[in-house]
Amino acid sequence: MALALTVTLIGAPLPAQQYRDPGDQPFSARSVWNTPIGRGAVYDAPDSPESRLLHTDDAGGRAGSYPWIGHDAIGLYTAKSSDPVRRWSYDVRAAGGPMWRGGPPILKGSVDLHTPADIRFLGGTDKHAVLIDPQHRFAYEVWLGEAKGEGYHAAYLVRTDLRGSGISLVDGQSQGIRAFGGSLAGGLIRCRELANGDIPHALAVLLSNDQLRKGSTMFQQKVWPASFTDEGGRNGYAGRVPMGGLLAIPADVDIDALPLTREGKVLARAYQRFGGYVVDRTSKTMTLATLEQGCDKTAIDHLFADRRTIRDRLVRVLNNSPRHVGGPGERIAKAPPPLDPERSGE
């Protein structure tokens, strides 16, 4: 197949309304999270062993990986400069990347952050939260968060550059809370995206141990853009699908012909245009969508009703790479606008 070249035209600056606020949709235009799939993408066969493992509730045994919608999965908060400054203590902060250079200690430190009063820690036992600073420049990502006196405490705290890549830049090193080594904000669905009928970015996918690729080392268990796996490779992965794998609905599938609700079509189109990256492990489920807190209940119910129809069309993109994100060739969909230079410096 001949590959088409993508040409970027350089001209006058875009009007302000055509820029993207990194607080509303994070990461650079070159990030995997904001790059549509290419027309030269090669999709795995729907009946391959890997695809069949994705398309069953019973990987590894009865109800070993039933599809799920992660509603109210992550508390997402954007602080205002008028919010009170609270002290956040932590056991460990992320050591990798440039964001903490010259900052507080790696172990048993603290930072002072503008913090909304209504912050909650969600995601079951993970107790996640993402706190965006008032300038929409950084996100503070929390694992095992809790209120502590007049402030808060996190077992693990990550400072994420909202104009960066959203993935680790060093193979073998984690620079985020997700098991694949990257940001908790990557692939997170905002409530307004469902309401507006458009998810203009890639999605976060979570698989069960029985689906994730078995390997004796971390490097055998993953593909780019993953830089890490659970416990650095010492885990119970027993399946075929690599951490970091890009799952998508092939471009020739007619989404409108599928028996889907409005919200189901919105999610399916996001999988067809941008795909979803395997970023983490769950217990006995395959999470197809990770939503911030507070989304419309009817929309969530519709996604649950459609989850198997969407799951059964997903296959892995086999030629996703740093050189050709989402596969080579012309993009099958329009890319999101560039970041607002006043917000991001991009």
Side-chain angles (χ1 to χ4, degrees), residues 20-28 30-34 73-81 83-116 119-123 126-148 151-188 190 204 225-228 279-280 290 292 339-340 342-346:
R20 176 166 50 91
D21 184 336
D24 293 335
Q25 185 177 342
F27 308 126
S28 74
R30 297 176 296 277
S31 168
V32 298
W33 299 111
N34 293 315
I74 295 175
L76 177 68
Y77 302 91
T78 301
K80 303 180 180 66
S81 57
D83 285 327
V85 175
R86 300 299 186 200
R87 175 144 297 181
W88 286 76
S89 61
Y90 56 81
D91 296 331
V92 184
R93 66 161 174 85
M99 293 298 100
W100 288 102
R101 286 177 183 165
I106 293 176
L107 301 177
K108 302 296 183 182
S110 65
V111 290
D112 293 333
L113 304 172
H114 290 282
T115 306
I119 194 166
R120 293 189 299 150
F121 304 100
L122 305 176
D126 284 324
K127 296 183 180 180
H128 287 314
V130 176
L131 177 61
I132 297 173
D133 70 14
Q135 293 74 38
H136 299 193
R137 180 65 175 79
F138 297 106
Y140 294 84
E141 303 183 6
V142 175
W143 180 63
L144 294 182
E146 61 179 346
K148 186 175 182 180
Y152 299 90
H153 178 78
Y156 186 47
L157 184 66
V158 177
R159 189 187 195 201
T160 297
D161 183 359
L162 292 177
R163 63 180 178 90
S165 67
I167 65 174
S168 175
L169 301 180
V170 181
D171 194 22
Q173 183 182 99
S174 176
Q175 295 180 2
I177 285 176
R178 287 295 195 195
F180 88 122
S183 173
L184 192 62
L188 178 64
R190 313 294 181 97
S227 65
F228 210 72
V279 298
D280 221 329
T290 301
E292 67 169 316
L339 288 172
D340 184 344
E342 294 187 4
R343 288 282 194 189
S344 69
E346 195 178 75

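Starting from 1, each residue takes its place in the sequence as its number.
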Is any side-chain heavy atom of [Y] closer than 4.5 Å to one of [X]?
| X | Y | answer |
| --- | --- | --- |
| Glu292 | Leu122 | no |
| Asp21 | Asp340 | no |
| Pro22 | Asp161 | no |
| Asn34 | Arg20 | yes |
| Lys127 | Val142 | no |
| Phe180 | Ile167 | yes |
| Asp126 | Ile74 | no |
| Leu157 | Tyr140 | yes |

Can you name the nearest heavy-atom pair linking [X] to [Y], along with the distance?
| X | Y | result |
| --- | --- | --- |
| Phe27 | Thr160 | CE2-CG2, 3.8 Å |
| Thr290 | Leu188 | O-CD1, 3.4 Å |
| Gln175 | Val158 | O-CG1, 3.7 Å |
| Gly164 | Ser31 | O-CB, 4.3 Å |
| Trp143 | His128 | CD1-CE1, 3.5 Å |
| Asp83 | His114 | O-ND1, 2.8 Å |

Can you tell me how far apart [atom1] ([X]) and [atom2] ([Y]) are? Round to the nearest 0.5 Å.
| X | Y | atom1 | atom2 | answer |
| --- | --- | --- | --- | --- |
| Leu162 | Asp133 | CG | CG | 7.0 Å |
| Ile132 | Arg137 | CD1 | CZ | 13.0 Å |
| Ser81 | Gln135 | OG | CD | 7.5 Å |

Side chain of [X], backbone of [Y]: donor and acceptor closer than 3.5 Å?
| X | Y | answer |
| --- | --- | --- |
| Ser227 | Gln173 | yes |
| Arg159 | Phe138 | no |
| Arg93 | Pro104 | yes |

Regarding Lys108 and Asp91, does a basic nitrogen lie under 4.0 Å from an acidic carboxylate oxygen?
yes
Report the C-alpha separation of Arg120 and Tyr77 in whole Å, then their side-chain angles, then the decisive distance to 0.1 Å, and conclude whether the side-chain contact (heavy atoms from CB on, under 4.5 Å) test is met.
CA-CA 9 Å; Arg120 293 189 299 150; Tyr77 302 91; 3.5 Å; yes
Take the angle between the ring planes of Trp88 and Tyr152 and call it parallel below 30°, perpendicular above 60°, tilted in between.
parallel
